[in-house]
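Input: a single structure, listed below in structure tokens.
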Amino acid sequence: QGVLVPGLGTFAVVHEQINSPEEVYVVRRPLFQLDMDMSCLQELVIPTVMIPDDIEITPLDYWWLSRTISLPPDMVRACVEETILLYSFQLRDRQHPVFAFENVGILSCQDNVLCMQFHCSCIAGLESRDTWMALLLT
């Protein structure tokens with residue numbers, strides 16, 4: 001399962017297998033694959049994250065989102081697009097804003113490295129059985 005936020009990137013959940021001497025763990029963990037115009041990312045280091053090809057990616061559902069926040073879908077789409085555009089302009093101007101995704105994580109630039117840091121609660125919500133293993137991997 002994955003969601004494409006046009007102009008920003010793709011959020012996905014992957015299953016990852018970890019072998020230990022005692023047992024094999026399979027955990028669900030979040031990934032974020034950046035997909036922005038590279039001209040606004042000059043001089044920034046971007047960790048390479050590849051979402052596996054077998055993950056189904058769907059576009060952001062503006063209609064569903066509009067229902068949850070009680071705004072028309074076209075207004076929600078415009079807000080998302082303008083926010084991503086503003087964020088990319090700030091990166092281009094060498095500002096390092098923090099982009100917070102409620103209940104998910106924070107996209108930030110520290111020491112010229114642009115990375116997504118997922119909240120512990122997001123990871124724990126995906127993986128209830130082996131939460132600590134998923135936290136360590138993420």
| field | Any side-chain heavy-atom pair of Asp35 and Thr10 under 4.5 Å | value | no
| request: Check whether any side-chain heavy atom of Leu91 lies under 4.5 Å from a side-chain heavy atom of Met36, and answer yes or no. | output: yes
| request: Kindly give the heavy-atom pair with the smallest separation between Pro73 and Ser66, and that separation in Å. | output: CG-OG, 3.4 Å
| remark: When rounded to the nearest 0.5 Å, the distance separating CD1 of Ile55 from CE of Met50 is 12.5 Å
| field | Minimum side-chain heavy-atom gap Ile123-Pro30 below 4.5 Å | value | yes
| query | Do any N or O atoms from the side chain of Gln33 and from the backbone of Ile51 form a donor-acceptor pair under 3.5 angstrom? | reply | yes
| query | Given side chains that start at C-beta, do those of Leu107 and Leu114 come closer than 4.5 Å, heavy atoms only? | reply | yes
| query | So, do His96 and Leu44 sit near enough that their side-chain heavy atoms are less than 4.5 Å apart? | reply | yes
| request: Could you check if a side-chain atom of Gln1 sits within less than 4.5 angstrom of a side-chain atom of Thr58, using non-hydrogen atoms only? | output: no
| Can you get from Phe99 to Val80 by hopping between Ile, Leu, Val, Met, Phe, Trp and Tyr side chains that sit under 4.5 Å apart? | yes
| said: Among Val3, Leu8, Val76, exactly one meets side chain to side chain contact (heavy atoms under 4.5 Å, CB included) together with Leu60. Which residue is that? | reply: Val3
| field | Nearest atoms (heavy-atom pairs only) where Val104 meets Met116 | value | CG1-CE, 4.1 Å
| said: Check the orientation of Phe118 and Phe11. Use parallel for under 30°, tilted for 30 to 60°, and perpendicular for over 60°. | reply: perpendicular
| Cluster question for you: counting only ILVMFWY and a side-chain heavy-atom cut-off of under 4.5 Å, with indirect links fine, are Ile46 and Tyr87 together? | yes
| field | Minimum heavy-atom distance Pro6-Tyr62, with the two atoms named | value | CD-OH, 3.8 Å
| query | At their closest point, which heavy atom of His119 faces which heavy atom of Asn103, and how far apart are they? | reply | CD2-C, 4.0 Å
| field | Reported CD1-to-CH2 distance for the pair Ile69 and Trp64, which is rounded to 0.5 angstrom | value | 9.5 Å
| Atom CD of Glu56: over 12 foreign heavy atoms under 6.0 Å | no
| query | Hey, are the side chains of Val5 and Phe101 touching, using non-hydrogen atoms and a 4.5 Å cut-off? | reply | no
| Least distance between heavy atoms, Gly7 atom then Ile84 atom | O-CG2, 3.5 Å
| query | Taking atom CG of Asp53 as the centre, does the number of heavy atoms from other residues, nucleotides or ligands within less than 6.0 Å exceed 12? | reply | no
| Any link between Val98 and Leu34 through a network of hydrophobic side chains (Ile, Leu, Val, Met, Phe, Trp, Tyr) touching at under 4.5 Å? | no
